[in-house]
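Written out below as C-alpha cells is the structure these notes cover.
Order of the sequence lines sets the chain letters (A, B, ...), proteins ahead of strands, with each chain counted from 1.
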Number of protein chains: 2
Amino acid sequence: MASRRETRIATLSDALSARRVVHLREAAALLGVSEMTVRRDVADNPGLFGYLGGHIVPAAGIESDAPYELARAADSHAGAKRQACFHAARHIRPDETIFIDCGTTLEYLVELIPDDYAITAICYSLNTAERLARKANLRMVMLGGVYHPSSASFSGAPGIETLDQLGINVAFLSAAGIDLARGATCVHFHEVPVKQKVISLARENYLVADSSKLGKLKAAFFAPPGAFRSLITEDGETALAGDLMSVP
Amino acid sequence: MASRRETRIATLSDALSARRVVHLREAAALLGVSEMTVRRDVADNPGLFGYLGGHIVPAAGIESDAPYELARAADSHAGAKRQACFHAARHIRPDETIFIDCGTTLEYLVELIPDDYAITAICYSLNTAERLARKANLRMVMLGGVYHPSSASFSGAPGIETLDQLGINVAFLSAAGIDLARGATCVHFHEVPVKQKVISLARENYLVADSSKLGKLKAAFFAPPGAFRSLITEDGETALAGDLMSVP
DNA sequence: GCTATGTTGTGATATTTCTCACAGAATAAC
DNA sequence: GTTATTCTGTGAGAAATATCACAACATAGC
C-alpha cells in the first residue's frame, strides 16, 4: 500500500510533469498539507525534486535527456545566436507570414516578434512551436510528420504539401555549415526537402547563423549562396544575392 | 551596434545555456552591474528569461498562461483522468501504432506507455507531443496544421491526409460530453474531422474520459456510442459495441 | 555647450521565504 | 490496551528577496 507520503510524492511528480514549476503554496493546497510538509517532502527527495526560491522544479537530471536538449545545454554560442536573431527581426513586418526554420538559432527569433504585429508563423520544430504557442496575437501553422529527436523537428510529404497552401513573405533559414562557394548545408537530411520547398516559395529568404558556422561544410546540402537575400550573423547583415560582398 | 544592455542580455543568455540557473547575485557579479539592473534586464525580456525566487532561469522553464494551461491547472478531475488512463493503457501492446487524442485526459496516457514497447504514437496536440518527445524508444507522428490555443491542437486537411499513410492498431479518443443515446461530443469543431477519420481507420477505438463527462452534451458531435469498443472511465471499462461484457 | 531622453545605482521599506524547536497527531509495534 | 516511533502543523525570529522613489550618470540630438 502506498503511504500518505508516497501518494503525495506521486501527485507532486504528476503536477510537475504537467507544469514545469509549482509554487510551494500551490503544492501545499494541492496536496492538502502544510507548506512545511511539502518542504520536507521535497528536501527528502533530492533526486526527484529541485527547489528554487519558493518554487518546486523537476530535479536537474531528469527533466530532459533528449539529444536536442543536450546540444542546447552545451551551446556556447547562445549569445551570438540571439544577437543574429535580433538583426533578423528587422525583416519582420506587421500582418505578414514568416517561416521559421528549426534549430536552436532561430528559437530566439520567436521572442523578438512584436506582440502587436499579428504575424502568421510557420514552423516544423517542436521547440519553436512551444515558444510560438506562448505568444499572443499570433497565428501558428505547423508542418507535421515523423518526429526526429536529433533536431526536434518533423518531416514528411504531407507537411511539405501544406506549404503549397501558404503564402510566405519572409523565410528565416538556418544552417550548420556555410561555405561561400558551395552554399548552405545542414546535418540532418530530412530537413532538406522542407528547406528547399520554403526557399522556392518565399518572397524573401534570409540565412541566419552565428559566425562559427562560416567556412564549415556539413553532410546535407540544401541551397547555394545565391538563394538568399543576405546572410545574418551576430555581426549584422551581409548581402549574398545580387552583388556579393565578402564575409568577415 | 550592440548596446550595453544587449551585450548583457547576450552574456546572460550564454551563462544560462551553460548552467540551468544563475542566481541574481552571481549574474550581477558576472555582468558587472547592480542587482537592480539585472532585475530590470530580466523583467524586460520575459520571453527570454524567467525569474524564480532570486534565480534566473531560461524562459522555457516558466509556466505559461495560455488558456489551455489555465484550464489544466484548475482541473479538479486530474485524479480520475489519470485513473482512466491507467485502465486504458492495458490496451497498449508492443510494436503497435496508437493514436492519442488531444485534451488533458489522454496526456496522462503518455507516461503509462511502457518504455520497452517500441510504440509508434500519433498525435495532434502540442502538449501530448512534448510529452511523447521525452519518451525513449518511441516513434512519434504528428498531424500538423493551424494551431488552436483553446485545445493546444492542430487542424487542417494535410494533417488528415497524413492519416491515410498510417496503420492504426488502437485509437484512444477523448470527449467533453458522452450521451448514451446520442454519442460522443466535444467543444471544438476543428477536432471533429480528425477524430472521425481516426475512428474510421483504427482497428480498435476506445473512448476515454472521467465520469464527470457522462450525460453531458457539447456542441460538436463526432461519433455514436457504437463507434467504440468500450468506454473507459476511472471506474474501469464498459462495453459499448459488439457483444463485449462490462468490465468493472 | 545645452537639453531631452534614457539608463543605472542606492537605500529604505515591504513582502516573502527560510529555519528551527516543540507540541500534537497518526501509525506501528508489542 | 500501551508505548515507541514517525509524521505533521504552528509560530516566531532570521534571512533573503521585491518594490519603489529618487539621484546620479550616460547618451543622442540640437
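Side-chain atoms of A:N205 come within 3.5 Å of backbone atoms of A:I199 as a donor-acceptor pair (strictly under, hydrogens ignored). The closest donor-acceptor contact from the side chain of A:H148 to the backbone of A:S150 lies at 3.5 Å or more, if one exists at all.
Here the P atom of nucleotide D:dT6 and the CG atom of A:D41 are 17 Å apart, to the nearest Å. One can place CZ of B:R8 at 16 Å from P of C:dG6, the figure rounded to the nearest angstrom.
For A:K216 and A:D179, the salt-bridge test fails: no basic side-chain N is under 4.0 Å from an acidic carboxylate O. Taking 4.0 Å as the cut-off between side-chain N and carboxylate O, A:K81 and A:E234 do not count as a salt-bridged pair.
Minimum heavy-atom separation, A:A129 to A:M140: O-CE, 3.4 Å.
The aromatic rings of B:Y147 and B:F154 lie tilted to each other, with the angle between the two planes from 30° to 60°.
Using a 4.0 Å cut-off, some side-chain N or O of A:S34 falls inside it from OP1 or OP2 of D:dG9.
Heavy atoms from other residues, nucleotides or ligands lying under 6.0 Å from CZ of B:R93 number more than 12.
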task: Please lay out, stage by stage, how B:N127 and B:T104 fare under the test side-chain contact (heavy atoms from CB on, under 4.5 Å).
output: CA-CA 9 Å; B:N127 292 285; B:T104 48; over 6 Å; no
task: Sugar-phosphate atoms are those with a prime plus P, OP1 and OP2; base atoms are the rest. Using that split, label each nucleotide of nucleotides 16-23 of chain C B, S or - for protein heavy atoms under 4.0 Å, 5' to 3'.
output: -SBBB---
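Taking five base pairs at each end of the helix from C:dG1-D:dC30 to C:dC30-D:dG1 and finding the rotation axis that steps the C1' atoms of four pairs onto the next four gives two axes whose angle is 40°, to the nearest 10°.
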